[in-house]
Amino acid sequence: QLQLVESGGGLVQPGGSVRLSCAASALTTIGWFRQAPGKEREGVSCISSRGRSLNYADSVKGRFAISRDNAENTVYLQMNSLKPEDTAVYYCAAAEAIWPCRLEGYEYAYWGQGTQVTVSS
């Protein structure tokens, strides 16, 4: 059973930055998703197992950056220029090899517990 543990959420001011981490128990495609209250889950970004395929939602392009350290089996989501509309619970999820990686939630079989990111002054 693949396990995922997110960390790094919290309260941040608009325009600020935060980095989320996802520690995985296996090397595989990782995606970040988010869900705000009253809204559907949204795919944010994904990265293939070797980091050669990246994908971003239009809403975060140019502001968020995904990366991974396979020596540590950890995927990072660097979130910059944060806006109040980025407020959500962020989940990392793992999928069997997807090429190129995609932001379709149904393709991800394993999910972390989520970490809250709140952007507010």
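Computed from a prediction, not measured in an experiment: that's the story for all the values here.
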Check: Taking a hydrophobic cluster as the set of Ile, Leu, Val, Met, Phe, Trp and Tyr residues connected by side-chain heavy atoms closer than 4.5 Å, whether directly or through intermediates, do Phe33 and Val60 fall within one such cluster?
Finding: no
Next item on the list: Ignoring hydrogens and angles, state whether a donor on the side chain of Thr87 or Glu85 is under 3.5 Å from an acceptor on the partner side chain.
Entry: no
Next item on the list: Kindly write out the residues that satisfy side chain to side chain contact (heavy atoms under 4.5 Å, CB included) with Ala94, not counting sequence neighbours, or none if the list is empty.
Entry: Leu2, Leu4, Thr28, Ile30, Tyr110
Next item on the list: Just jot down the ring pair (Phe, Tyr, Trp, His ring centres under 6.0 Å) partners of Tyr91, sequence neighbours excluded, or say none.
Entry: none
Using a 3.5 Å cut-off and no angle test, enumerate the donor-acceptor pairs between side-chain atoms of residues 11-20 and protein atoms at least two apart in sequence or in another chain.
{"residue": "Ser17", "atom": "OG", "partner": "Asn80", "partner atom": "OD1", "Å": "2.9"}

Check: Considering residues at least two apart in sequence or located in another chain, which fulfil the side chain to side chain contact (heavy atoms under 4.5 Å, CB included) criterion with Lys61?
Finding: Tyr56, Asp58
Next item on the list: Answer yes or no: are there more than 12 heavy-atom neighbours, outside Arg41 itself, under 6.0 Å from its atom CZ?
Entry: yes
Check: Taking everything shown except Glu40 itself, do over 12 heavy atoms lie less than 6.0 Å from its CD?
Finding: no
Check: Please walk me through it: do Thr29 and Ile47 pass side-chain contact (heavy atoms from CB on, under 4.5 Å)?
Finding: CA-CA 6 Å; Thr29 296; Ile47 186 168; over 6 Å; no
Margin query: Just checking Trp32 against Phe64, ring centres under 6.0 Å apart?
Written below: no
Notebook entry, point to check: Just by modelled atom types, is the Val89 backbone N or O under 3.5 Å from a matching donor or acceptor in the Gln35 side chain?
Noted result: no
Item checked: Beyond-backbone contact of Trp99 with Arg52, side-chain heavy atoms, under 4.5 angstrom -> yes
Margin query: Rounded at 0.5 Å granularity, tell me how far OG in Ser48 sits from CG in Leu54.
Written below: 7.0 Å
Notebook entry, point to check: Could you state the interatomic distance from CZ (Arg34) to CE (Met79), rounded to the nearest 0.5 Å?
Noted result: 7.0 Å
Margin query: Are Trp111 and Cys92 packed together at the side-chain level, in the sense that at least one heavy-atom pair is separated by less than 4.5 angstrom?
Written below: no
Notebook entry, point to check: What is the minimum heavy-atom distance between Ala36 and Ala88, and which atoms define it?
Noted result: N-CB, 3.8 Å
Next item on the list: Just do the side-chain hydrogen bond (donor to acceptor under 3.5 Å, both in side chains) check on Glu42 and Ser59 with the steps written out, would you?
Entry: CA-CA 10 Å; Glu42 175 189 18; Ser59 58; 3.0 Å; yes
Next item on the list: Would you name the heavy atoms of Tyr108 and Ala95 that are closest together and state the gap between them?
Entry: CD2-CB, 3.6 Å
Check: When rounded to the nearest 0.5 angstrom, what is the spacing between CG in Leu77 and CD1 in Ile66?
Finding: 6.0 Å
Next item on the list: Quick one: pull up OG in Ser7 and OH in Tyr76 and give me the separation to the nearest 0.5 Å.
Entry: 8.5 Å
Next item on the list: For Glu96, check salt bridge (Lys or Arg N to Asp or Glu O under 4.0 Å) against everything at least two apart and list the hits.
Entry: none
Margin query: Considering only residues two or more places apart or on different chains, which pairs with a residue in residues 62-72 satisfy side-chain hydrogen bond (donor to acceptor under 3.5 Å, both in side chains)?
Written below: Arg63-Asp86, Arg68-Asn70
Item checked: For Ser53 against Cys101, the heavy-atom pair lying closest together -> OG-N, 2.9 Å
